[in-house]
Amino acid sequence: MQNDYLLEVKNLTTRFHTQRGVAHAVNGVSFGMYPGEILGVVGESGCGKSVTAQSIMRLIPEPPGRIESGEILYDGKDIVSLSTRQMRKIRGDRISMIFQEPMTSLNPVKTVGRQIGEVYALHRGVSKKESMQKAVEMLEKVQVPEPARRVKEYPHQLSGGMRQRVMIAMALACDPEILIADEPTTALDVTVQAQIMDLMLKLQAKQKTSIMMITHDLGIIAEMANRVIVMYAGRIVESAPTRPLFRETGHPYTKGLMNSVPVIGSKDADGNSRLTEITGMVPSLYDLPQGCSFAPRCPHRNERCQNELPPLFQVSPGHEVRCWMCESASVKGAAA
Amino acid sequence: MAFSKAALKGKSNLIIGAVLTALVIGMAVFAPLLAPYHPVNDADLMVSEEPPSSDYLCGTDTQGRDVLSRVIYGSRISLSVGLVSQLINTLIGVFLGVTAGYFGTWWDDLVMGLTNIMLSIPSMIFALAIMALLGPGLVNVYIALGFTNWSFTCRITRSQVLSAKRIEYVRAAEALGYGKWRIMFGQILPNVVGPILVIATLGIAYAILTEASLSFLGLGTQPPTPSWGGMLSNAREEFFTAPWISIYPGLAIFVTVLGFNLLGDGLRDLLDPHKL
Amino acid sequence: SSGGTFVFCAPYGGDLFSLDMHKTSRTQDYIVGLNINRSLYKWDADQSKPVLDLATDVKVSADGKTYTFTLRKNVKFHNGRTLTADDVIWSYNRIAQPETTSSAASYIANIDGAEAVIAGKAKTITGLSKVDDYTVKMTLKHPVAIGYSLCKVETAIVPREAIEGKEAAFSTNPVGCGPFKFVKWVRGSEVILEKFDGYFEPGKPYIDKLVYKIMPEGAARDIAFRAGELDANIVGASQYPIYQRDPEIKDHMIEVAEMYTRIIGFNSEFKPFADKRVRQAINHAINAELIIKKLLKNKAVPATGYLPTSSPAYEKAMKGYEYNLARAKELMKEAGYEDGFTFECIATANKSWGVGIVESLIPFMKRINITIKPQQLEGAALGERCRTGKFDAFIWSIESGPDPLETLNRFRSTTPRSAGNYTAYANADYDKALDKAAAASSEAERIEWVKKANRILFEDAPFWFFNYNKAIIAYHPWVHGIKPVAIEMMLQDFTNLKLDDSSPRK
Amino acid sequence: MTNLLSVENLKVHFPVKGGFCGCKDVVHAVDGVNLTLGRGETLGIVGESGCGKTTTGLAAMKLIEKTDGKLLFNGTDLDSLTPPEMRRTRQKMQMIFQDPFSSLNPRMTVNRAIGEPMKVHGMGSESERSDRTAWLLKKVGLSPEQGNRYPHEFSGGQRQRIGIARALALNPMMIIGDEPVSALDVSIQAQIINLLIDIQEEFNLSYIIISHDLAVVEHICDRIAVMYLGKVVEEGTCEEVYANPKHPYTKALLSAIPHPDPDRPRDRIILSGDVPSPIHPPKGCSFHPRCPNRQEGCDLVEPELETKEAGRKAACHYC
Amino acid sequence: MRAYAFRRILQFIPTILIISVIMFVLLNLLPGNAALMAGDQRKAPDPRIVEQLKKEWGIDKPVHTRYFIYLKGLVQGDLGTSFLRREPVNKLVGERIWPTLRLSIAALLISVGIGIPLGFISALKRGTLLDSASMIGAVSGVSLPQFWLGLLLMYLFSVVLGWLPSSGYGHGKFANLIMPAITLGIGYTALLARATRAAVLEVLHKDYIRTARAKGLSELLVNWRHVMRNTMVLVLTTAGLQFGALIGQTVIVEKLFSWPGLGSLLVDSIFQRDIPVTQGCILVMILVFLIVNLVVDLLYSVVDPRIEY
Ligand SMILES: Nc1ncnc2c1ncn2[C@@H]1O[C@H](COP(=O)(O)OP(=O)(O)OP(=O)(O)O)[C@@H](O)[C@H]1O
Ligand SMILES: Nc1ncnc2c1ncn2[C@@H]1O[C@H](COP(=O)(O)OP(=O)(O)OP(=O)(O)O)[C@@H](O)[C@H]1O
Ligand SMILES: [Mg+2]
Ligand SMILES: [Mg+2]
Ligand code: NI
């Protein structure tokens, strides 16, 4: 397959050196993003989704964090080795990011107009006035009613959904090629979440921005993503286009995840409402098991799982699974 | 808890503070063992204002008393001023703060009104008025400093309790049928002692300094009991002729106050996980 | 050529109260007022006695009761008007009015009819009359040396028109007839005076400007003096030895034994102190000289009785209580206090006669089994307790001059505690001696009787006689004309002060 | 058989500081809610953030002052009880909280957290209590040895188990769970839901489960009440409400849930605007500003919650 | 906001009233009285004058009567007449207030000028030697007994170096202001430095700082545009609360430097039992404190749009 990735992450390893020890937040993660696609990233809390995203943005708090190794190729360059100055040029302009908490991610003492305009003025070198006009324009784009009035307001005067729209407006102000959305709707209500998802899909369709959609909600993935990466304990355990992931789920963890989520209308006819649970807990990132990190919770584990870390096996084009059970299937994939 | 190397470094405050305060407390406790002379009775005018020597490591004061011994014994007074007055402040402040924060309503309004009034009188001036009323003396210093400086503790405690009250375990305790006082002092208080402790340590430092200031105005502890503030302010005229008389108590105050300040700051950093 | 500016200090307890000399009774205010005002007499520091000032001549009648003053004719007030006999009479009358609450009232109480005015029973003093514009006649009740009273700045002669109707303004904007006129008083900071061109002594004063810095903090004063910001400074005990050693300063210090006696007063109602032997024992038990040497750095003269060395009634032959432990113990034994007792001594924070001195007595008292407990109070509280007798003992510095008779009158049995007889001292012989002195016809006889009373007081020892203050002013080499003023060193008259050209302010 | 709990016309209004002059605004957090909970039944309350779910739960437990309304628990009017009686009654009604991190006192060991409530209520002797604590810990899937640890040494799911054990300790008849699984990871969420279902059967408990996650509610509950701006807008058995929602809000809510199935047709009803402020709720039907099939009169007359079909209630003029 | 300010000013009234009662009672309980302090105590007091003065000043009347007389004056803005100085307290206090304000403001400026940048830098360079040094330095600042520090400064700058006048007001000369302002301000500087550092560290952890970085802003711009203002919100709290303490501290500094301000007047008048002046000084200081706090609160709404009055 020809590599026409817009952004390629190769073997990214990010760690936090803290008092308690070393947190292996991201361990050798590799993936690529095609232009104009929505790449979903799912996984439980603490599995390294945000750290991966922040590594791409080079926003890991240093210290304690550090990108230990790996490459992030964008536009033919390795982001990891860029100077901070060059990196700043990319941030907000070519690659933007929106965060989970719209409540706290906006500066409370500045008008939203200034905050949106700031990024535009910075990268386009325009005057304050022009940047304010841009802010109004952007707010209109993200469907904020009365944008001319809203630009003069402060974040606390806006509702949660509104603030998240402001964040999106800010991220899209410079027409970035890549938008990283770190759980953009987790803090919102379902009806507002629906609004925001709708908005993002529309904008994406129009602007052809590549979106990296981080979430822990399989529902959102199913509805939005073209391709999905499933992470567990700092590693990619499965990556596949959306439909194969749900239909031909490869990794036991992905399966468990899908079964343990209550889904409306999935109750048994006889009213038995017990869910299939994944037993045990996520391993500590400070002390990862030697072999497959999921092995301790895996119903199919064997000795090999506990001692040897499985590589990613390609089970079908574009579908990779990190599980020894897929070893046999992978031969097929590798041959193809 | 986000810990980091920087947090480790930040702890040097705490460690230095703890060591300094421990030293001073040790000095106070073991004063009779450490002091080479009696601070009052071993006065000998024949050897007044002797510079430091092997006999008198820190020299002697105008009355011919060993400065070192007086500094060592003085730690008892200065520490007790700090501790006792801050204990009183903390008790008053915590009681009022906890009840005001927990009960709210008119009691809260009353306490806050009182606190605001107390806050608007500079505590130095309040202490001055009380000392003038009661006259100089150790117990009076306790009272003057102990009843004038609780408003800060009260405010902080109250705001802590107000936010602690919103944390669910308090609700949980109510749901479990706990009584009000048990919730206030058994459940909430242990969780807000951190900031109170910080304020108390800083308050101790403040009280020691204020006692020195009161001594400067002639309203400190009673002679001949040695107190650092008193020694310092009594010797201020000999500042140039016999500097050792004021330098050592000055240093002692400095070190102690520094110790408590560092301890307070260190505790604050320790208790607040978000300050690296 | 200009006379330059002289910067002095006002060191006693904070800002001035008032520059109306009739209304204030603080030394701090007198220090300044002295150079603005003049009285009939002035204190001659060199002779240590009062001499005529506003008057050129005085005739005293044979019975010593009528004084006729001839006033100088060239005295001008700062407002330009010439001083006349009316001003003298008006000023004394003002002092006597009860509303004035003047502390000088007692100084003129001896004038015929003054008592009645002071008591509010009359409006004018009958004993004062104007002979002509420049002659005043004064009749007294008792024949005393009135100069001692009328040399005080409290009895200054002031112009009526500057005061009547504007009493309040006068106290901050005084008009006198002294060598300097008032310019400005920056509250809490300084008072500025300026040479009065119309001053009656021709060519004087020499300096152009006189500045008093209000500086109660001794250490700060010391620094200011060394930094050359003050031309002269009253020296504290701790600075004394340093200044003595400092080659630049040591020759520029002037000393005098002031008329203040530092004592510990024993309350006669406190049982052990009722016994004379106990009081004497205490006097014997303390090595006052050592304390003076160590604590006061020799900046005091050991007391040999109540009246100070500069008093006219001082007896050179008198020796203080000898430091004699054996004698002290013996006396204690005789008094039945062999095992001692405990008493509390109230004191202020003053360095020279405060709680520090009491502390130094602890070891001495221990030796005769007495435990002395210092208790520090502030001035106001101590004054209150002294006046009401709520103490075992107190330590204080008490005025002891210049008029020895008036000084000793304070301890008459008839003087109540509230009027200054704090220890409630009572001895009929003592009273009798003072009566005799008051009735004496000649100065010499008067002094003899006063000496007798002083001896009785010494023998009775209602006090521990500590010391007479040695007041010292240090000045920079460019200053000439600081005088040893025994009544109070700081009451410096700067009429004759000169600055030479090395002064930074010339 | 009577209902275990019935809430009649519950109103909770919070004053918001208006200041000096005394003119105060009020938050109509709960504005006339009627609910019943049968014995052994599970009632779900769903709705968007700020609609008053938590407030309803707390007021039903008498943990906050209500403005108006009547609470009958097990046949007694809770308002008629003295404070000590009320405290005793609390044994029978317990709560599980949303946040497993903040609902446990960080300064109390697990044993104490579970044992102390029993002590407060004078249950059993010291040793009986510690036995029961151990037994409870086992029941919720923890080992008794872990009892000496402090809450911060546990993961979120384990803490929620401790919270459940604490609630069970007093032998309650009813447990109100305020978003008991919302804070948990998906894989842990399932464990806790299963645990809740298991203990309900074993201890014959009645539940009120408050959640914003309709899927979770559907899984555990028998009946469901949908709240909007302090009011119940629809009520009925789970099966029926999910299969055939009546109120337009319920419809929108159900359609808004992302479904983990890429092939499912997307027919979301996108509501416009946000939830209005409960300080000044809209006139008439409080949902009308966002309602996709708003009609005349919706902005004037407030619809009552009325029975539309057997066992189905909804507050809408046009359904 | 104007309405809020007005309301707050109205609230001053009960505060001042209560404080005036407390202070009046306290001061009137003090042993000794002004009549005794009228003269030097070295002289024998003249009982006649003492009684006369007591009557003149009305201190022979019962306390409550006196309080109501005082209150009547207070309502009309009249603080009474000084016992010993025989001048209206309004005038005395009025003359002294400016030097004190000047001193406090100078101290404040020094503290703000040094403390805030210091705190900022040490927060940004946290964990470095610079950070530790500046914080230890700052803590040392609060730990020094003020009069001791003042004496050291005096000795250094006046005697040894001869650069600055050692004390006094010097007709408002700037040189005279420097040392007292430093002495007064050093503790406050330390406090501000620490408060700023803590505030910056807190702000640096906020999500919106990460947002700002994600926009591609340089560190300098992040700090300047986003950290600064938010820090000020937090620092203002400390600054406002502690400014009151600063006013109280002038008592010591003014005494030491012969500074003709309210503080030294207050100390003198307490010792002299000049009750009207003492009372006047305290009330004025408290009024200043209340006004400062009001200003701080109003400033909040300027720096922090979330706060609306
Ligand atoms: N500043 C930090 N210091 C120490 N450890 C950190 C820090 N930031 C993240 N980590 C660690 O990195 C791991 C991965 O965190 P990350 O934020 O990427 O998780 P996530 O998948 O985004 O989870 P969530 O769904 O909760 O957002 C976490 O376990 C955490 O312990
Ligand atoms: N103590 C209080 N004071 C003032 N208003 C309050 C208080 N508690 C709750 N409210 C308000 O009452 C309304 C209902 O709050 P409640 O917590 O019951 O909502 P909820 O449905 O539980 O929301 P969530 O899903 O966010 O938990 C909200 O608008 C809230 O702001
Ligand atoms: Mg995350
Ligand atoms: Mg809730
Ligand atoms: Ni943390």
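Just so we're on the same page: letters track the sequence lines, and every chain starts at 1.
- Here the CE atom belonging to B:Met118 is positioned 12.5 Å from the CD1 atom belonging to E:Ile18, to the nearest 0.5 angstrom.
- More than 12 non-hydrogen atoms from other residues, nucleotides or ligands lie less than 6.0 angstrom from CG of E:Leu161.
- With contacts defined as side-chain heavy-atom distances shorter than 4.5 Å, the pair E:Gln11/B:Asn116 does not qualify.
- For B:Thr210, no part lies under 4.5 angstrom from a heavy atom of chain E.
- Between chain E and the options B:Trp228, B:Tyr206, B:Phe126, B:Phe260, the largest number of non-hydrogen pairs under 4.5 Å is found for B:Phe126.
- One finds the CG atom of B:Leu258 at 6.5 Å from the CD1 atom of E:Ile136 (value rounded to the nearest 0.5 Å).
- In terms of non-hydrogen atom pairs under 4.5 Å with chain B, the most contact-rich of E:Ile247, E:Leu27, E:Leu151 is E:Leu151.
- Atom CZ in E:Arg194 sits 6.0 Å away from atom CG in B:Leu202 (nearest 0.5 Å).
- With a 4.5 Å cut-off on side-chain heavy atoms, B:Phe216 and E:Gln146 do not count as touching.
- For B:Leu262, the parts lying under 4.5 angstrom from a heavy atom of chain E are both the backbone and the side chain.
- Closest approach of E:Leu26 and B:Ile130 over heavy atoms only: CD1-CG1, 4.4 Å.
- The candidate from B:Ile208, B:Ile16, B:Ile117 with the greatest count of non-hydrogen atom pairs under 4.5 Å with chain E is B:Ile117.
- At a 4.5 Å heavy-atom cutoff, the contact between B:Ala132 and chain E is made by backbone and side-chain atoms alike.
- Two residues are said to be in side-chain contact when any heavy atoms from C-beta on lie closer than 4.5 Å; B:Ile253 and E:Trp148 fail this criterion.
- Between the OG atom in B:Ser246 and the CZ atom in E:Phe147 there is a gap of 9.0 Å [rounded to 0.5 Å].
- Using a 4.5 Å cut-off between heavy atoms, E:Leu266 touches chain B through its side chain atoms alone.
- Interatomic distance, E:Ile270 CD1 to B:Met131 CE, rounded to the nearest 0.5 Å: 11.5 Å.
- By number of non-hydrogen pairs under 4.5 angstrom with chain E, the leading residue of B:Ser213, B:Gly229, B:Gly259 is B:Ser213.
- At least one side-chain heavy atom of E:Ile252 sits less than 4.5 Å from a side-chain heavy atom of B:Leu217.
- In this structure, no portion of B:Leu134 lies under 4.5 Å from any heavy atom of chain E.
- Across all non-hydrogen atoms, the minimal contact from E:Phe289 to B:Leu119 is CZ-O, 3.2 Å.
- In this structure, E:Ile282 CD1 and B:Ile125 CD1 are separated by 6.0 Å, a value rounded to the nearest 0.5 Å.
- Taking each heavy atom of E:Leu30 and B:Ala129 in turn, the nearest pair found is CD2-O, 3.8 Å.
- Across all non-hydrogen atoms, the minimal contact from E:Pro145 to B:Leu232 is CG-CD2, 3.8 Å.
- Contact of E:Val251 with chain B is made through the side chain alone, with heavy-atom distances under 4.5 Å.
- Neither the backbone nor the side chain of E:Leu287 comes within contact range of chain B; no heavy atom of the residue lies under 4.5 Å from a heavy atom of that chain.
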